[in-house]
**Q** 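Once you've had a glance at the structure underneath, I'll fire off some questions.
We count ligands from 1, going down the list as the structure has it; atoms in each ligand are counted the same way. We're numbering straight along the sequence, starting at 1.
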Amino acid sequence: MEFQLLPGGVISGEARVPGDKSISHRSIMLGAIAEGTTRINGFLEGEDALATVAALRALGVAIEGPDDGEVAVHGVGLHGLRAPAGPLDMGNSGTSMRLLAGLLAGQVFDSELTGDVSLCKRPMGRVMGPLQQMGASIEGSADGTPPLRVHGGRALHGIHYDLPMASAQVKSCVLLAGLYAEGRTSVTEPAPTRDHTERMLRGFGYHVGNENGVISLEGGGRLLATEIDVPADISSAAFFLVAASIAPGSDLLLLHVGVNPTRTGVINILRLMGADITLKNQREVGGEPVADIHVRHAPLAGIEIPRDQVPLAIDEFPALFIAAACASGRTVLRGAEELRVKESDRIAAMAAGLSILGVPNEVLEDGIIIDGGGLGGGVIHTCHDHRIAMSFAIAALRASAEIRILDCDPVATSFPGFDALARGLGLQIMARVD
Ligand code: S3P
């Protein structure tokens, strides 16, 4: 599929973007190993979350749905998973692979995790290392990439793991393996990362400690089924936060968005740039903060992005780079080397696209410098990355000519229906099946 966008447009109205991807993955995994039936609504029916559903089904868990965002997971308890008949295909989803690696390390059976071309290039040493320290037997290919082979039946023991990088996937992997380990498993992180695993474990009645930044749990407990209301994904909302901010005349309300403080870097950064964003109707739903977000057009100015905001906005940088391209002055991002190991090298992919649109930029090892001003048109390659596709789609609002974006199929991994929703809000977008 490719997107074709006419320049200009105004973003207005109300919308609820699809469910949070991180929370959707975790709801299936924890529901599967809980006792009883977990009922989920607002589930993301995107390819990544569906890969997690398929994997847990292959591990013997009965899952009904998703049907209009509703899922029922008939939990089998901590020790009820069954050996899969073949390799588990995680598609494009790094979260599925890294979290399931932790879950599978503690099982009595062998398993194999594989994925698509992009996932099979991503680093897995970061999860294999701590799992091996816990006594797991797990190996990947020689360069530390998938497929991963897990040999079951090893007795795991709790460790303390000081995360070398700010990664919620690694943290969650270690904690999930810790459920199966003898004794206490704890982690510390170089900077706070999304804490959905910790919150949701507590929602399933499992004690997770957090003293002075040491996150810990004891192995061998029980998870009790619960109800989960998945909020709209702030990472999907981010495209429209930027879209409404950059397009003159825009006025948009995004409904029921997850605003967990470990995820709101995009709001903080846009506000520092001058954006007009207000949170309304703030509430807590199933242990996660939720709000409606009102955003209106405002002139943006370039900034030096504070380093402490980087892990809190990690998936939103492609969209934020478009905001920077439309801002007056210079935006500087540093300390974001993790962007290089996402679904694509997002620094390189965004820099290439910005250059095609005539936006001056300089690539740094761990970030980018962008000089805002005007945007032209052109043909963009997504590097098979959903967020690159959606970011350049919203760029059209301020472009001086048409933008064509090739290879947009991966948008379905996180945001099914993006083009229709965006069109309804005012983006002049056409999707073509190629
Ligand atoms: C995620 C954590 C982040 C994020 C990814 C989802 C999660 O990755 O980029 O999209 O659900 O835990 P890292 O943990 O690699 O930073």
**Q** At a non-hydrogen distance cut-off of under 4.0 Å, which region of Lys171 contacts ligand 1 (side chain, backbone, both, or neither)?
**A** neither

**Q** Pick out which of Val259, Asn260, Val266 makes a side-chain contact (heavy atoms from CB on, under 4.5 Å) with Arg263.
**A** Asn260

**Q** Taking distance alone, with N or O pairs closer than 3.5 Å, would you say Ser22 contacts ligand 1?
**A** yes

**Q** So, Ser216 and His160: side-chain donor and acceptor under 3.5 Å apart, yes or no?
**A** no

**Q** May I ask you to decide whether Arg222 forms a salt bridge with Glu35, counting only side-chain N to carboxylate O separations under 4.0 Å?
**A** yes

**Q** Looking only at non-hydrogen atoms, find the nearest pair between Val61 and His74 and report the distance.
**A** CG1-O, 3.5 Å

**Q** I'd like the name of whichever of Glu338, Lys342, Arg346 reaches closest to atom 3 (C) of ligand 1 through any heavy atom.
**A** Lys342

**Q** Are the charged groups of Glu2 and Arg404 less than 4.0 angstrom apart, N to O?
**A** yes

**Q** Evaluating non-hydrogen atoms only, which member of Val127, Asp315, Val341 is closest to atom 4 (C) of ligand 1?
**A** Asp315

**Q** Mind checking whether Arg26 has a heavy atom under 4.0 Å from ligand 1?
**A** yes

**Q** Determine, considering heavy atoms only, which of Pro123, Ser167, Cys173 sits nearest to atom 14 (O) of ligand 1.
**A** Ser167

**Q** Indicate the atoms forming the closest heavy-atom contact of Ile28 with Ile40, along with that distance.
**A** CD1-CD1, 3.9 Å

**Q** Between Ser172 and ligand 1, is there a nitrogen or oxygen pair with a distance under 3.5 Å?
**A** no

**Q** Looking at ligand 1, does any of its N/O atoms fall within less than 3.5 Å of an N/O of Val170?
**A** no

